[in-house]
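Note sheet for the following structure.
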Amino acid sequence: GAVVSQHPSRVICKSGTSVKIECRSLDFQATTMFWYRQFPKQSLMLMATSNEGSKATYEQGVEKDKFLINHASLTLSTLTVTSAHPEDSSFYICSAAGTGGYGYTFGSGTRLTVV
Amino acid sequence: LAKTTQPISMDSYEGQEVNITCSHNNIATNDYITWYQQFPSQGPRFIIQGYKTKVTNEVASLFIPADRKSSTLSLPRVSLSDTAVYYCLVPRGSGGYQKVTFGIGTKLQVIP
(Lines give C-alpha, C1' and ligand atoms only; values in the text may rest on other atoms or scores of the structure.)
Protein backbone atom coordinates (compact mmCIF):
# COMPACT_ATOMS: atom_id res chain seq x y z
CA GLY A 1 0.00 0.00 0.00
CA ALA A 2 0.88 3.68 -0.14
CA VAL A 3 3.50 4.74 2.39
CA VAL A 4 4.44 8.23 3.51
CA SER A 5 7.63 8.67 5.49
CA GLN A 6 7.93 11.68 7.77
CA HIS A 7 11.12 12.77 9.52
CA PRO A 8 12.16 13.54 12.12
CA SER A 9 9.64 11.91 14.44
CA ARG A 10 10.70 14.12 17.29
CA VAL A 11 12.73 17.31 17.48
CA ILE A 12 13.65 19.77 20.19
CA CYS A 13 14.98 23.16 19.19
CA LYS A 14 15.85 26.42 20.81
CA SER A 15 13.60 29.42 20.50
CA GLY A 16 14.53 31.52 17.48
CA THR A 17 15.95 28.69 15.41
CA SER A 18 14.41 27.02 12.38
CA VAL A 19 13.35 23.42 11.98
CA LYS A 20 12.73 21.47 8.79
CA ILE A 21 10.35 18.53 8.60
CA GLU A 22 10.42 16.20 5.60
CA CYS A 23 7.58 14.21 4.12
CA ARG A 24 8.28 11.63 1.43
CA SER A 25 5.95 9.41 -0.54
CA LEU A 26 7.84 6.14 -0.90
CA ASP A 27 5.91 4.18 -3.50
CA PHE A 28 3.73 6.66 -5.30
CA GLN A 29 3.83 10.14 -6.76
CA ALA A 30 2.24 12.69 -4.48
CA THR A 31 0.66 15.35 -6.62
CA THR A 32 -0.81 17.05 -3.58
CA MET A 33 0.49 17.26 -0.06
CA PHE A 34 -1.17 18.61 3.03
CA TRP A 35 0.33 19.80 6.30
CA TYR A 36 -1.56 19.61 9.58
CA ARG A 37 -0.89 20.68 13.13
CA GLN A 38 -2.40 18.96 16.13
CA PHE A 39 -2.41 20.23 19.69
CA PRO A 40 -2.97 17.86 22.63
CA LYS A 41 -6.48 16.40 22.81
CA GLN A 42 -7.51 18.29 19.69
CA SER A 43 -8.23 17.31 16.12
CA LEU A 44 -5.92 17.86 13.19
CA MET A 45 -5.92 21.41 11.89
CA LEU A 46 -5.08 21.90 8.23
CA MET A 47 -2.29 24.42 7.76
CA ALA A 48 -1.65 24.36 4.03
CA THR A 49 -2.08 22.49 0.78
CA SER A 50 0.66 22.21 -1.80
CA ASN A 51 0.71 20.88 -5.34
CA GLU A 52 3.98 19.78 -6.87
CA GLY A 53 5.77 22.69 -8.48
CA SER A 54 3.32 25.30 -7.20
CA LYS A 55 3.19 27.64 -4.25
CA ALA A 56 1.38 26.32 -1.23
CA THR A 57 -2.10 27.54 -0.32
CA TYR A 58 -2.30 28.43 3.34
CA GLU A 59 -5.35 28.28 5.54
CA GLN A 60 -6.61 31.43 7.16
CA GLY A 61 -4.55 32.41 10.16
CA VAL A 62 -1.47 30.41 9.17
CA GLU A 63 1.57 32.61 8.54
CA LYS A 64 3.14 31.65 5.25
CA ASP A 65 6.42 33.38 6.11
CA LYS A 66 6.71 31.42 9.30
CA PHE A 67 5.72 28.02 7.95
CA LEU A 68 7.59 27.61 4.69
CA ILE A 69 6.39 24.77 2.52
CA ASN A 70 8.31 23.40 -0.43
CA HIS A 71 6.93 20.74 -2.76
CA ALA A 72 9.61 20.66 -5.42
CA SER A 73 9.20 17.04 -6.45
CA LEU A 74 6.45 14.45 -6.68
CA THR A 75 7.89 12.54 -3.75
CA LEU A 76 9.07 15.18 -1.32
CA SER A 77 7.54 18.06 0.56
CA THR A 78 9.14 19.98 3.40
CA LEU A 79 7.77 22.20 6.12
CA THR A 80 10.20 24.65 7.71
CA VAL A 81 9.18 26.33 10.93
CA THR A 82 11.20 29.54 10.94
CA SER A 83 12.16 31.43 14.06
CA ALA A 84 10.35 28.91 16.19
CA HIS A 85 8.80 29.94 19.48
CA PRO A 86 7.41 27.83 22.33
CA GLU A 87 3.86 28.35 21.06
CA ASP A 88 4.87 26.53 17.86
CA SER A 89 5.39 23.39 19.88
CA SER A 90 2.93 20.90 18.47
CA PHE A 91 2.49 17.66 16.56
CA TYR A 92 2.91 18.22 12.81
CA ILE A 93 1.53 15.70 10.33
CA CYS A 94 1.81 15.54 6.57
CA SER A 95 -0.54 13.82 4.17
CA ALA A 96 0.04 12.92 0.56
CA ALA A 97 -2.43 12.25 -2.22
CA GLY A 98 -1.70 11.05 -5.70
CA THR A 99 -1.32 7.92 -7.75
CA GLY A 100 -1.75 4.70 -5.86
CA GLY A 101 -3.17 4.06 -2.40
CA TYR A 102 -6.53 5.15 -1.09
CA GLY A 103 -6.33 8.83 -1.82
CA TYR A 104 -4.85 10.31 1.31
CA THR A 105 -1.97 8.72 3.17
CA PHE A 106 -0.59 10.25 6.34
CA GLY A 107 2.90 10.43 7.72
CA SER A 108 3.66 9.31 11.24
CA GLY A 109 3.97 12.86 12.52
CA THR A 110 6.67 15.03 14.05
CA ARG A 111 6.61 16.15 17.65
CA LEU A 112 8.19 19.60 17.79
CA THR A 113 9.20 21.06 21.12
CA VAL A 114 10.59 24.58 21.21
CA VAL A 115 12.46 25.48 24.39
CA LEU B 1 -16.62 19.87 1.40
CA ALA B 2 -19.18 17.80 3.30
CA LYS B 3 -19.38 18.58 7.00
CA THR B 4 -19.38 15.54 9.25
CA THR B 5 -20.82 14.98 12.72
CA GLN B 6 -19.86 12.10 15.01
CA PRO B 7 -20.20 11.31 18.71
CA ILE B 8 -17.34 12.73 20.71
CA SER B 9 -16.67 9.57 22.68
CA MET B 10 -17.75 5.98 23.14
CA ASP B 11 -16.88 3.23 25.60
CA SER B 12 -17.01 -0.47 24.90
CA TYR B 13 -15.95 -3.68 26.60
CA GLU B 14 -13.46 -5.97 25.00
CA GLY B 15 -14.98 -8.48 22.61
CA GLN B 16 -18.02 -6.40 21.79
CA GLU B 17 -18.96 -4.99 18.42
CA VAL B 18 -18.70 -1.23 18.18
CA ASN B 19 -20.69 0.90 15.77
CA ILE B 20 -19.79 4.53 15.21
CA THR B 21 -22.18 6.58 13.13
CA CYS B 22 -21.26 9.69 11.20
CA SER B 23 -23.67 12.19 9.66
CA HIS B 24 -22.77 13.91 6.40
CA ASN B 25 -25.98 15.52 5.24
CA ASN B 26 -24.51 17.58 2.41
CA ILE B 27 -22.54 14.80 0.79
CA ALA B 28 -22.19 15.27 -2.96
CA THR B 29 -22.78 12.71 -5.68
CA ASN B 30 -19.09 12.07 -6.32
CA ASP B 31 -18.01 11.99 -2.68
CA TYR B 32 -16.62 8.88 -1.03
CA ILE B 33 -16.74 8.24 2.71
CA THR B 34 -13.48 7.39 4.40
CA TRP B 35 -12.68 6.43 7.97
CA TYR B 36 -9.34 6.86 9.69
CA GLN B 37 -7.96 5.70 13.02
CA GLN B 38 -5.47 7.69 15.06
CA PHE B 39 -3.44 6.59 18.06
CA PRO B 40 -1.77 9.18 20.30
CA SER B 41 1.33 10.74 18.74
CA GLN B 42 0.80 8.98 15.43
CA GLY B 43 -0.58 10.02 12.08
CA PRO B 44 -4.08 8.88 11.06
CA ARG B 45 -4.28 5.43 9.53
CA PHE B 46 -6.73 4.48 6.78
CA ILE B 47 -9.37 1.97 7.89
CA ILE B 48 -12.01 1.74 5.19
CA GLN B 49 -13.64 3.63 2.35
CA GLY B 50 -17.00 3.27 0.67
CA TYR B 51 -19.50 4.88 -1.65
CA LYS B 52 -22.75 3.06 -0.96
CA THR B 53 -24.30 -0.05 0.66
CA LYS B 54 -21.73 -2.12 2.52
CA VAL B 55 -17.99 -2.49 2.37
CA THR B 56 -16.01 -4.98 4.43
CA ASN B 57 -12.31 -5.52 4.86
CA GLU B 58 -10.16 -7.43 7.31
CA VAL B 59 -10.57 -4.89 10.11
CA ALA B 60 -13.98 -3.24 9.73
CA SER B 61 -17.25 -2.89 7.89
CA LEU B 62 -18.80 0.28 6.59
CA PHE B 63 -22.55 0.58 6.19
CA ILE B 64 -23.96 3.34 4.02
CA PRO B 65 -27.72 3.78 3.57
CA ALA B 66 -29.26 4.59 0.21
CA ASP B 67 -29.44 8.34 0.84
CA ARG B 68 -25.73 8.36 1.84
CA LYS B 69 -26.35 11.07 4.41
CA SER B 70 -24.78 8.97 7.10
CA SER B 71 -22.44 6.03 7.49
CA THR B 72 -21.65 3.56 10.23
CA LEU B 73 -18.25 2.12 10.95
CA SER B 74 -18.50 -1.29 12.55
CA LEU B 75 -15.59 -2.79 14.45
CA PRO B 76 -16.18 -6.45 15.29
CA ARG B 77 -14.99 -7.80 18.64
CA VAL B 78 -12.87 -4.86 19.73
CA SER B 79 -9.73 -5.30 21.77
CA LEU B 80 -7.81 -2.91 23.99
CA SER B 81 -5.60 -2.03 21.04
CA ASP B 82 -8.61 -0.53 19.26
CA THR B 83 -8.66 2.33 21.77
CA ALA B 84 -8.11 5.32 19.51
CA VAL B 85 -9.78 8.30 17.87
CA TYR B 86 -11.82 7.52 14.77
CA TYR B 87 -12.44 10.12 12.11
CA CYS B 88 -15.09 10.11 9.42
CA LEU B 89 -14.05 12.11 6.37
CA VAL B 90 -15.78 12.99 3.14
CA PRO B 91 -13.17 14.44 0.79
CA ARG B 92 -14.22 15.30 -2.72
CA GLY B 93 -13.99 12.31 -5.04
CA SER B 94 -13.34 14.03 -8.33
CA GLY B 95 -11.60 17.01 -9.84
CA GLY B 96 -8.30 16.39 -8.14
CA TYR B 97 -7.52 16.02 -4.47
CA GLN B 98 -9.25 18.59 -2.36
CA LYS B 99 -8.29 19.59 1.13
CA VAL B 100 -9.46 17.31 3.90
CA THR B 101 -10.73 18.96 7.04
CA PHE B 102 -10.95 16.87 10.18
CA GLY B 103 -13.79 17.05 12.63
CA ILE B 104 -13.35 16.31 16.30
CA GLY B 105 -13.52 12.55 15.77
CA THR B 106 -14.85 9.86 18.09
CA LYS B 107 -12.65 8.76 20.95
CA LEU B 108 -13.24 5.07 21.51
CA GLN B 109 -12.19 3.65 24.86
CA VAL B 110 -12.12 -0.12 25.08
CA ILE B 111 -12.49 -1.39 28.61
CA PRO B 112 -11.09 -4.72 29.83
Side-chain angles (χ1 to χ4, degrees), chain A residues 1-7 9-10 21 23 25 28-52 54 56-60 62 71 74 90-113, chain B residues 1-9 20 22 28 30-51 55-60 62 71 73 83-109:
Chain A
V3 177
V4 171
S5 175
Q6 185 174 342
H7 292 281
S9 58
R10 186 181 297 267
I21 302 170
C23 182
S25 57
F28 68 102
Q29 294 183 326
T31 52
T32 306
M33 285 197 174
F34 306 87
W35 287 94
Y36 294 84
R37 180 167 54 182
Q38 186 175 34
F39 292 106
K41 298 186 187 294
Q42 294 187 22
S43 186
L44 286 76
M45 183 186 78
L46 180 65
M47 299 175 67
T49 303
S50 72
N51 293 300
E52 184 265 337
S54 302
T57 301
Y58 290 80
E59 295 299 302
Q60 190 172 6
V62 178
H71 190 174
L74 284 172
S90 187
F91 191 57
Y92 292 87
I93 307 169
C94 69
S95 172
T99 59
Y102 284 99
Y104 303 85
T105 304
F106 290 82
S108 54
T110 298
R111 174 74 59 194
L112 170 63
T113 303
Chain B
L1 199 65
K3 180 178 169 158
T4 60
T5 304
Q6 333 172 204
I8 293 175
S9 64
I20 306 173
C22 176
N30 294 330
D31 289 344
Y32 279 74
I33 301 152
T34 312
W35 286 78
Y36 286 84
Q37 173 191 58
Q38 186 184 27
F39 297 112
S41 296
Q42 293 187 28
R45 183 176 74 100
F46 172 87
I47 300 175
I48 197 166
Q49 180 179 356
Y51 183 79
V55 179
T56 298
N57 62 21
E58 62 275 10
V59 297
L62 180 60
S71 60
L73 173 72
T83 293
V85 178
Y86 293 82
Y87 295 98
C88 161
L89 301 174
V90 186
R92 285 282 181 245
S94 64
Y97 289 101
Q98 305 300 316
K99 63 183 182 181
V100 175
T101 303
F102 281 75
I104 196 69
T106 298
K107 184 173 182 180
L108 172 65
Q109 180 69 51

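Residue numbers begin at 1 in each chain, while the letters A, B, ... track the order of the sequences. Heavy atoms only: backbone and side chains are in, while hydrogens, waters and symmetry mates are out.
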Heavy-atom distances under 4.5 Å only: say whether A/L46 touches chain B with side chain, backbone, both or neither.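 The answer is the side chain of A/L46.
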So for A/E59, is it side chain, backbone, both, or neither that comes closer than 4.5 Å to the heavy atoms of chain B?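 The side chain, not the backbone.
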Are the aromatic rings of B/F102 and A/Y36 close, with centres under 6.0 Å apart?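 Under 6.0 Å, so yes.
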Return the minimal non-hydrogen interatomic distance between B/Q42 and A/I93, and the atom names on each side.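 That would be O-CD1, 4.4 Å.
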Looking only at heavy atoms, which two atoms of A/Q38 and B/Y87 are closest? And how far apart?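 Nearest pair, atom of A/Q38 first, then B/Y87: NE2-OH, 3.6 Å.
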pair B/L89-A/Y104: side-chain heavy atoms closer than 4.5 Å: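 B/L89 does not reach A/Y104 side chain to side chain.
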Minimum side-chain heavy-atom gap B/V85-A/S43 below 4.5 Å: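 A side-chain contact is absent here, since even the closest heavy-atom pair is not under 4.5 Å.
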